[in-house]
Structure formats: structure tokens, C-alpha cells
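Working notes, structure below.
As a basis for the values below, the full set of heavy atoms in this structure was taken, side chains included, without hydrogen atoms, waters or symmetry mates. First the proteins, then the strands, lettered A, B, ... as listed; each starts at 1. All of these numbers come straight from a predicted model, not from anything done at the bench.
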Amino acid sequence: MSQLLTSAPASGGLPAPVPTSPVRLTINGQTQTLQLAPWTSLLDALREYAHLTGTKKGCDHGQCGACTVLVNGRRINSCLTLAVMHEDDDITTIEGLGTPDNLSPLQQAFVDHDAFQCGYCTPGQICSAQGLLNEGRAHSEAEIKELMSGNLCRCGAYVGILDAVKEVVDSEGRQEK
Amino acid sequence: MYPFTYSRATDVADAVRDKAGHDGSAYVGGGTNLIDLMKMNVEQPAHLVNVAKLPLSKIEDLPNGGLRLGATATNSDTAWNEQVKARYPVLNQAILAGASPQLRNAATNGGNLMQRTRCYYFYDIATPCNKREPGSGCSAIGGFNRVCGILGTSEACIATHPSDMCVALAALAPTVRVSGPHGERSIAFEDFHRLPGDQPELDNTLTEGELITSLDLPEKGFAKHFAYLKLRDRHSYAFALVSVAVGLEMDGDTITEARLALGGVAHKPWRDQSAEQLLKGQPATAETFGRVAAHVVANAVGRGSNDFKIELARRAIVRALKQAAEGQQVAGDVYLGGQ
């Protein structure tokens, strides 16, 4: 049987009420049930319903990467997926990677290498870079550039971003040896 | 977005039944193209059937020596699969040349075949487009058509199929297994996508309610001599202006078998079997490659802003054939331009 999320049709010519249903999401290790319409993107669910505004809405069309989050450890664009599609998934946002008092290695490297100017793309850049580390496929600068190409930075902080990601890739590589 | 209902299918039969029970419904896998089109009001399904979590994500050997790619395996898992890398490196490289890591992590193999054109006018609901609204006209003919097709176009539509993965698949010639209200069937990849003709609203030959369950690759993978060459406006994360997939079998310097397919030039991944025949038995020389490339583009038609694609395609074919013959490209975890 399919789980069906729907609402009764409106009667008497009144506008249909927004048909929401409970959606159970696990975000940064905490499971919560949000009342969502089927068309709510994961991005909007995170920002507007779970009130985690670290994840940014840039283009809202999968072209800029500002909305990148990790789902079961893998980076995806949260704007091009529906929240209802992620029950039973483990979602990690920038808020789940570190705290102001305890930055993740990537967060610290972004600070150290001046890897942002306005900062709007930064949560997506860092979540994407964390996904890149989890994948373990990028080693050289050319590989990091190619595998970070889904994240745009309108300020042009790419040199610092590359340095920051490279530093953490190298240090994780050393730890594995 | 506008309202719609949603359900998550538990198995293939459930998905097919659920879709049949809802008028104007659509399957959704990774959603990376469909949800974007829904935001733009280009697609307006009344009901979505989520098939992303169906048990179709395996990549496994077939008894005939081929490899089955599950429809819900992600593009990333497919590109990085060790069997794909070892036996079908042209597919590994083509997938990694497309989109971004985030998109490849979400996008499924079935969805890659189902993605729709990125013609500007198809996306812009304020303009006529025969693919979006049959009979309304083609704004790309006589309009901004830099990204549009040069081969197999019609007066109704000059849109291109945007996939990289499908260009490699066209060269590898798998069968597409589908399941629908009337049972299961297999479609030769060559017959899956179609040319626009006077029905550009139809991208493929699926019938109502059919769901892709797997892509079955034949044994032959052209692992030694292959190339995937993608040319685009920026170095990464852009659709192809022209792309070329090549697979060759060689005996010394002689080509004994060839596969040649182009992306970014037609309404479907453009495999040219007559060019493949021309390559067969020929020496792998610049003269051979030039003759074959000229043959492929002989009937190409430019529409103004995309005239450059004809010469670009000709040169890209020569370069990709040379790369394949010399065995320059290798499988890997990253696409670095095929140079």
C-alpha cells in the first residue's frame, strides 16, 4: 500500500485549505515531526519549518549549490527535492557540522583561509566540501575544483575555498596513512 | 509550487498501480529535473508517485556477460561502480562530465533517460513551444537557438536531449527494461528516445504508465579504446554544446569495430551507425577520422546562432576518435576534460 498524503477537496467554492500532513524528519540527529504540504522542498522545510536558516536559498533551481545539505552523508541540493521524500533519512545541515565554540575542521579552514566574503554561499560550500571528504574521490587541486563545481561563489572567493578544502583533504589523507 | 498529492510506492507493481489510479500523475525519482520543471510550471502533475526508494538500485552481473544498472541507482553510484569503471569506462566518464556532484547524488539512472530538454523556450511558459504546448509554434527557430540541435531536427522543434550519460549509453547500446500496466518489455536504447517530427511533445517511446526498471548493458564495453569528449561554455557544470562518445576495437592500427554517438546536437542521443560502418576496417589515421566526421555532419542544419555547432561537432569527432584510438582516456573518479 502506498502512503497517501492528501486532503479532502474543498466544498462550497471556498479555497482549498493547505493540505498538510505530518512528516518525520531527522535533522542533525534530532527527529522531529513537521506539518508539511507535499510540495514543500526540503530547503523550505529546513528554513521555514525547522527554523534552521543556515542552509541558504540561492537560485532555488539547482544551479548554485547554496542549499547543499547532506542526506545520509551524501551532498544534495535541498531545493530540488521534496521534504516528504526524506522520511527515514538522516539530514545534516551546516548547524550539524560544528558550533561556534567547536568548529568542524572545514569550518575552521574556511576561517583560516579567508574562504568567503559575503558568506551567503559558505554553508553550501562547507556542506558540499564535507560531502566531498565523505566520498574520498578528490585528492589533487584539479580534482577538488571539479568536484566542488556545483557550488558557485559570486564574490569569487574560489582561491580561498580551494585552499581551505585542500588543507582538510590533505590532513585527512595524512591521518589515514 | 501549485498543489498536488504524493505517495511513496513500495514495489514496482504498487508504483504502476498507483500511477494508473491517478490522472495526470508522474513518477519521481531523484526529482532533480522534474521538481525544477514543476517550480517553473512547465510540468504540473496532479499526483507524484515516489519511486526513488524502490528496490531497483543494484548494479549486478547478467548471465550473458553484461551488466544490469538498476533504474534507481544514482548517477554517482553508477559512475563510481567498480564494474562500470573497469568494463564501461566511457559511461563512467560521461556521467562524471554531467551536472554536479550534488545532482549526480540525487539523480537516478532511469531519471537520466527521462530528463527533458533545456531549450530556453521550453522553460519559459510565456513563449510558444511545440514541445510544451503542441501547436503553439517553435520560438527557437528564428530565436535564440545557440544551444539547439543541428541533426534530425524538424520545423516543429529543434530542441536537444541534454544528457551526457545517454550519449555513452547510445554508444554502448543497452536495452531499457520497463514495467507498465500491460506487463514488462525491453526497448533497444536506440529506439527509446525519438526525433521530434511533428510530435515534439513526445521525448521517448514509453507508453502511458510505463516505468523504467533497469538498463541492461551488453558484454562489449570498449574498455581499451574509448573517449568521452564534452565541449561547453565553461570548464565544468554546464550542458554540452557538443559531446562525443566513442568506442573502438582495434587490431593493430586497424579499426575492427566502432561506436560513435553525439550529444548536444539532436532531440535524442545521436548515434550514427553509417559512420560506424565507415570506420570499420579502416586505419586509425587523421584522414579516416576527417572523412568520417565530415560524413556525420554532412546533413547538419544550422539555425543561425547555432551554426558554429556544425564545425565544432566535426572537429570534436576527429579529436574524440584520435583519443580513443590512442587509448588516451582512462576511467576515474573525476572527469577532467578527456584531454
Side-chain angles (χ1 to χ4, degrees), chain A residues 1-7 16 18-19 21 23 37-42 44 59-65 67-82 84-89 124 127-128 131-132 135-140 142-152, chain B residues 1-11 14-15 17-19 21-22 28-40 45-53 74 76-77 79-80 96-97 99-107 118 123 234-238 332-337 339:
Chain A
M1 263 298 287
S2 303
Q3 307 165 267
L4 186 64
L5 300 181
T6 187
S7 69
V18 177
S21 302
V23 178
W39 51 88
T40 302
S41 68
L42 179 59
D44 286 345
C59 68
D60 208 26
H61 291 284
Q63 297 174 5
C64 76
C67 68
T68 302
V69 299
L70 298 161
V71 172
N72 303 325
R74 295 172 158 229
R75 47 181 163 160
I76 66 165
N77 297 313
S78 62
C79 72
L80 287 187
T81 191
L82 303 172
V84 287
M85 294 166 71
H86 294 285
E87 286 200 299
D88 308 326
D89 285 339
C127 284
S128 186
L132 175 147
E135 291 156 9
R137 309 271 170 179
H139 307 287
S140 67
E143 290 166 344
I144 294 169
K145 278 187 192 174
E146 169 58 26
L147 292 182
M148 284 297 291
S149 69
N151 294 81
L152 306 190
Chain B
M1 239 183 282
Y2 62 90
F4 57 87
T5 55
Y6 167 89
S7 63
R8 180 166 141 188
T10 51
D11 57 34
D14 180 44
R17 201 168 40 238
D18 192 19
K19 184 165 190 310
H22 290 87
V28 62
T32 52
N33 186 211
L34 179 60
I35 291 171
D36 193 31
L37 289 166
M38 288 164 69
K39 288 184 180 188
M40 303 295 285
H47 178 74
L48 282 187
V49 182
N50 182 1
V51 294
K53 295 190 180 176
T74 65
S76 294
D77 283 342
W80 287 334
L96 294 176
S100 70
Q102 291 97 314
L103 291 166
R104 296 193 294 265
N105 278 344
R118 264 59 173 199
Y123 263 78
R234 57 186 183 194
H235 202 69
S236 181
Y237 199 15
D333 289 340
V334 186
Y335 179 80
L336 293 175
Q339 281 127 23

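We find the NE2-CG distance between A:His61 and B:Leu37 to be 10.0 Å, quoted to the nearest 0.5 Å. Taken from NZ in A:Lys145 to NE2 in B:His235, the straight-line distance is 8.5 Å, to the nearest 0.5 Å. Rounding to the nearest 0.5 angstrom, the gap separating the CD1 atom in B:Ile35 from the SG atom in A:Cys79 is 9.0 Å.
With respect to chain A, the highest number of heavy-atom pairs below 4.5 Å among B:Ser100, B:Ser76, B:Pro101 belongs to B:Pro101. Of the residues considered (A:Asp88, A:Thr81, A:Thr68), A:Thr68 shows the highest number of contacts with chain B, using heavy-atom pairs under 4.5 Å. In terms of heavy-atom pairs under 4.5 angstrom with chain A, the leader among B:Met38, B:Arg234, B:Lys53, B:Met40 is B:Lys53.
Between the side chain of B:Asn105 and the backbone N or O of A:Ile76 there is no donor-acceptor pair closer than 3.5 Å.
A:Asn77 and B:Gln102 get closest at one heavy-atom pair: OD1-CB, 3.6 Å. Considering all non-hydrogen atoms of both residues, B:Leu103 and A:Leu80 come closest at CD2-CD1, 3.8 Å. Taking each heavy atom of B:Trp80 and A:Glu135 in turn, the nearest pair found is CH2-OE1, 3.6 Å. Closest approach of B:Tyr6 to A:Pro38, counting heavy atoms only: CB-CB, 3.8 Å. Considering all non-hydrogen atoms of both residues, A:Trp39 and B:Phe4 come closest at CB-CE2, 3.2 Å.
At least one side-chain heavy atom of B:Leu336 sits under 4.5 Å from a side-chain heavy atom of A:Glu146. Within the 4.5 Å cutoff, no side-chain heavy atoms of B:Leu48 are placed close to those of A:Met85.
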Subject >> side chain to side chain contact (heavy atoms under 4.5 Å, CB included) evaluation trace for B:Asp77 with A:Arg74 >> reply: CA-CA 11 Å; B:Asp77 283 342; A:Arg74 295 172 158 229; 2.4 Å; yes
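With sequence neighbours left out, the side chain to side chain contact (heavy atoms under 4.5 Å, CB included) criterion links A:Ser41 to A:Leu43, A:Asp44. Looking at residues two or more places apart in sequence or on another chain, you find a side-chain hydrogen bond (donor to acceptor under 3.5 Å, both in side chains) between A:Asn72 and A:Asp89.
Using a 4.5 Å cut-off between heavy atoms, B:Asn50 touches chain A through its side chain atoms alone. Neither the backbone nor the side chain of A:Leu132 comes within contact range of chain B; no heavy atom of the residue lies under 4.5 Å from a heavy atom of that chain. Proximity to chain B involves both the backbone and the side chain of A:Asp60, based on heavy atoms less than 4.5 angstrom apart.
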